[in-house]
Each structure stands twice: as structure tokens, then as C-alpha cells.
Amino acid sequence: MDPLPDRAPPPSVPVRKSALAFFGVLLVLWVPGALAQGATLPWGLAWTELFGFLLSALIATAGSNLRPGPYLRLGPVRPAALAVGALAGAAGYLVAGSILSLTQRLLPGRISDLFDPLRLFEGPRSEQLALAAVAIFLAPACEEIAFRGYVQTTLGLRRGPAAAVMGAAVLFALLHMNPVLFPALVVLGAIFGWLAWRAGSIWPAVVAHAVNNAISSALALAGPVAQAEPPPLSVIGAAMALGGGALLAIGAIYRTLTPDPPPLSGAVALRDGGDASTRFSPARVPSGLAVATFAGAALLAALLAAGPVAGRLHGR
């Protein structure tokens with residue numbers, strides 16, 4: 001993979017934005033989602049993805065007088081770029097999995113056990129399958145729109161591509177609230193961010209994210225064999241070297257498919273051309289997104305009410 005430039009050319013429309021609007025909305029929507037996950041894990045996680053991450057990004061963008069398509073980097077890409085993105089997701093899993101195994105070996109056993117990601121798959125089989133479906137088919141799109149779309153674009157317009165990719169990666173890792181996963185998630189976030197930056201679109205990153213989650217979910221569903229103690233350092237080092245070498249080769253191929261990363265200035269397109277301001281205002285939020293917020297609140301209440309019932313059915 002190639003180094004990222006420190007600065008980006010200024011957009012044609014002046015944009016003075018921070019990620020505060022996004023995180024303000026996210027805080028309002030994500031905290032209740034965490035409660036829903038405690039009540040019913042897979043459906044609470046689905047709620048967080050849709051109404052915490054996706055809806056927050058859409059509200060923050062549209063409420064800032066910006067067209068979501070360009071700003072969230074939703075434009076199409078060549079199918080070959082998606083295919084290479086899938087390969088990057090598989091290679092990234094090797095690297096991130098090695099980092100996770102090393103982290104588990106270095107941290108105290110009590111911390112590693114408490115935050116072991118495999119604990120999410122300790123419920124009934126139906127719950128495990130639902131959780132895997134959310135992780136593979138829903139989370140990649142919602143999280144990439146939020147982090148590689150909104151956050152990375154916003155940081156890139158102010159700080160340049162290098163700071164944007166790493167800043168979005170760190171925030172992506174922090175919001176998973178898992179110290180054991182944190183280093184691995186930063187690396188994965190950087191890989192996804194690089195893919196999105198080169199293509200000017202989040203879709204290669206979405207595919208890479210989905211492949212990574214599919215591998216990890218399949219191993220978690222495999223049961224006790226996949227839940228053994230962390231492998232020895234020699235195995236971790238070999239997997240790291242294999243994944244890193246594969247990423248370098250995949251990155252070289254990807255650069256030929258995306259020779260000229262489009263400037264971020266193209267992400268800035270005003271919804272109302274008669275108003276040059278990009279300051280967030282709740283009055284700018286489209287009625288459809290407001291309705292979605294109320295629908296999400298109603299669904300959240302239903303999930304919280306259903307949680308105790310589901311727990312009794314599963315004997316918990």
C-alpha cells in the first residue's frame with residue numbers, strides 16, 4: 001500500500017465542518033441501542049447499525065445542506081475493485097486476527113476473557129445465526145457509510161487523506177468499546193479507509209468489511225475448535241507475515257485499478273444551492289429522516305419490552 005498525502009485540495013464550496021453533528025446524533029441514538037443489545041443482542045445490534053450509525057450519518061449530512069450520495073462516497077466503482085476489496089478483507093483478517101491473538105496473550109487473562117469477542121456467540125444457535133447475519137450483511141454497509149463515508153470525508157476536508165483515514169480508523173475502533181479488539185480494529189479501519197480513499201467510494205471497503213466479518217463469524221459458529229487458546233507466537237508471526245505480504249500484493253493490484261484517487265472536493269455538493277452554509281441545522285433534516293427517527297424510537301421500545309420475554313424463552 002502507498003503512503004497517503006498529508007493534505008487535500010480545498011473543495012470548490014467552502015466547508016467548515018467537524019464531526020460534532022454526527023457524534024451528537026450518534027450519542028442520542030447509540031446509547032439506547034446499547035440498551036437494546038443488552039435486552040436482545042442480535043436485534044439490538046441491528047437497531048444500532050441502522051439507527052445509530054446509518055441514520056446518524058444521513059441526518060448529519062442532510063442537516064448540513066450536503067447531498068448524501070457524494071458526501072458519503074456512495075458512488076459506483078468497477079467490479080474488479082470490489083473483487084480486490086474482497087481479497088483485501090481476507091488478507092486483512094489474517095493480519096487483524098494475528099494482532100488480536102497477540103493482544104490476548106499480552107493482556108491479563110481476566111481482561112482477555114471479559115472482552116473476548118467469541119462471548120457474543122454464547123447464546124442459542126438461532127441467536128448466533130442472527131448475529132452472524134447482522135455482522136455480515138448489515139454492519140459493513142452501515143459502519144462504512146458512517147466511518148469511511150461521513151467521518152473520513154469530514155476529516156479529509158479539514159486535515160487531508162492520511163489524518164482522515166487514521167482518524168476514522170481510531171474512532172471506528174473506539175466505538176466498538178472493546179480494548180481487546182481495539183488494536184486489530186484500528187488496523188482493519190485503516191485498510192478499509194485506504195480502499196475507500198483510493199476508489200473515492202466506500203463500496204470496496206464495504207465488501208472487505210463483509211468478508212472479514214464473514215470469516216470471523218464462520219469461525220465463531222464453528223464452536224469449540226475455533227475457541228481454543230491463542231496460538232503460539234510462531235503461528236501468530238507466520239499468519240502476520242502471510243497476511244501482510246498478501247496485503248502488499250493486493251494493494252499493488254488495487255492501485256492499478258484506482259490510479260488517480262478522486263479529490264475530496266467532489267464530495268461537496270449542496271442540497272440547496274441557494275444557501276452556501278454547511279452548518280448543521282435540525283430544520284434542514286428531511287421529513288423522511290425525522291419519521292425514521294420516530295420509527296426507530298418505537299422499534300427500540302418494542303425491543304426493550306421484548307428482551308425479558310426472549311430471555312425467559314431461552315432460559316436466561
Side-chain angles (χ1 to χ4, degrees), residues 1-4 8 19 22 49 53-54 56-58 61 68-97 134-157 161-176 181 184-217 243 246-248 250-264 266-267:
M1 294 186 177
D2 54 346
L4 291 89
F22 169 75
E49 297 294 343
F53 294 131
L54 177 60
S56 295
L58 292 174
T61 303
Y71 198 79
L72 299 178
R73 316 304 272 166
L74 301 179
V77 293
R78 297 168 58 184
L82 298 178
V84 177
L87 295 176
Y93 176 81
L94 277 176
V95 174
V134 172
I136 297 168
F137 299 108
L138 184 61
C142 294
E143 293 179 9
E144 292 310 308
I145 287 172
F147 292 99
R148 259 56 67 178
Y150 187 86
V151 174
Q152 186 165 306
T153 301
T154 300
L155 293 176
L157 289 168
V165 168
M166 291 310 303
V170 170
L171 292 171
F172 167 72
L174 282 172
L175 278 178
H176 281 76
L181 278 174
L185 288 175
V186 171
V187 171
L188 284 175
I191 293 170
F192 301 155
W194 185 82
L195 292 171
W197 167 69
R198 292 285 316 185
S201 170
I202 65 164
W203 298 116
V206 170
V207 172
H209 195 152
V211 168
N212 174 83
N213 285 9
I215 296 172
S216 59
S217 296
L247 275 178
L248 289 175
I250 292 165
I253 297 171
Y254 194 73
R255 284 197 300 271
T256 66
L257 297 172
T258 56
D260 299 306
L264 271 180

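This one's a predicted model, so the numbers in the text were calculated from it and none came from an experiment.
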So which heavy atom on [X] is nearest to which on [Y], and how close?
X: Ala184; Y: Ala96; answer: CB-O, 3.4 Å
X: Tyr93; Y: Ser216; answer: CE1-CB, 3.7 Å
X: Val206; Y: Pro140; answer: O-CB, 3.6 Å
X: Ala146; Y: Phe53; answer: CB-O, 3.8 Å
X: Val165; Y: Ala190; answer: CG1-O, 3.7 Å
X: Ala91; Y: Ile250; answer: CB-CD1, 3.9 Å

- prompt: Are the side chain of Tyr254 and the backbone N or O of Leu195 linked by a donor-acceptor pair below 3.5 Å?
  reply: yes

field: Side-chain donor or acceptor of Ser217 paired with backbone N/O of Ala214 under 3.5 Å
entry: no

- prompt: Looking at His209 versus Phe147, is the centre-to-centre ring distance below 6.0 Å?
  reply: no

message: As a quick check of understanding, evaluate side chain to side chain contact (heavy atoms under 4.5 Å, CB included) for His176 and Leu181, giving each step before the final call.
response: CA-CA 8 Å; His176 281 76; Leu181 278 174; 5.5 Å; no

As an exercise, state the distance from [atom1] of [X] to [atom2] of [Y], rounded to the nearest 0.5 Å.
X: Glu143; Y: Ile202; atom1: CD; atom2: CD1; value: 11.5 Å
X: Leu72; Y: Ser201; atom1: CG; atom2: OG; value: 11.0 Å
X: Leu87; Y: Leu82; atom1: CG; atom2: CG; value: 11.5 Å
X: Thr153; Y: Arg148; atom1: OG1; atom2: CZ; value: 11.0 Å
X: Leu185; Y: Phe172; atom1: CG; atom2: CZ; value: 5.5 Å
X: Trp197; Y: Arg73; atom1: CH2; atom2: CZ; value: 12.0 Å

- prompt: Is there side-chain contact between Leu175 and Leu171, with at least one heavy-atom pair below 4.5 Å?
  reply: no

message: Determine whether Leu157 and Tyr71 satisfy the following criterion, side chain to side chain contact (heavy atoms under 4.5 Å, CB included), listing intermediate values before the conclusion.
response: CA-CA 11 Å; Leu157 289 168; Tyr71 198 79; 3.7 Å; yes

task: Could you list all the salt bridge (Lys or Arg N to Asp or Glu O under 4.0 Å) pairs where at least one residue sits in residues 76-89, not counting sequence neighbours?
output: none

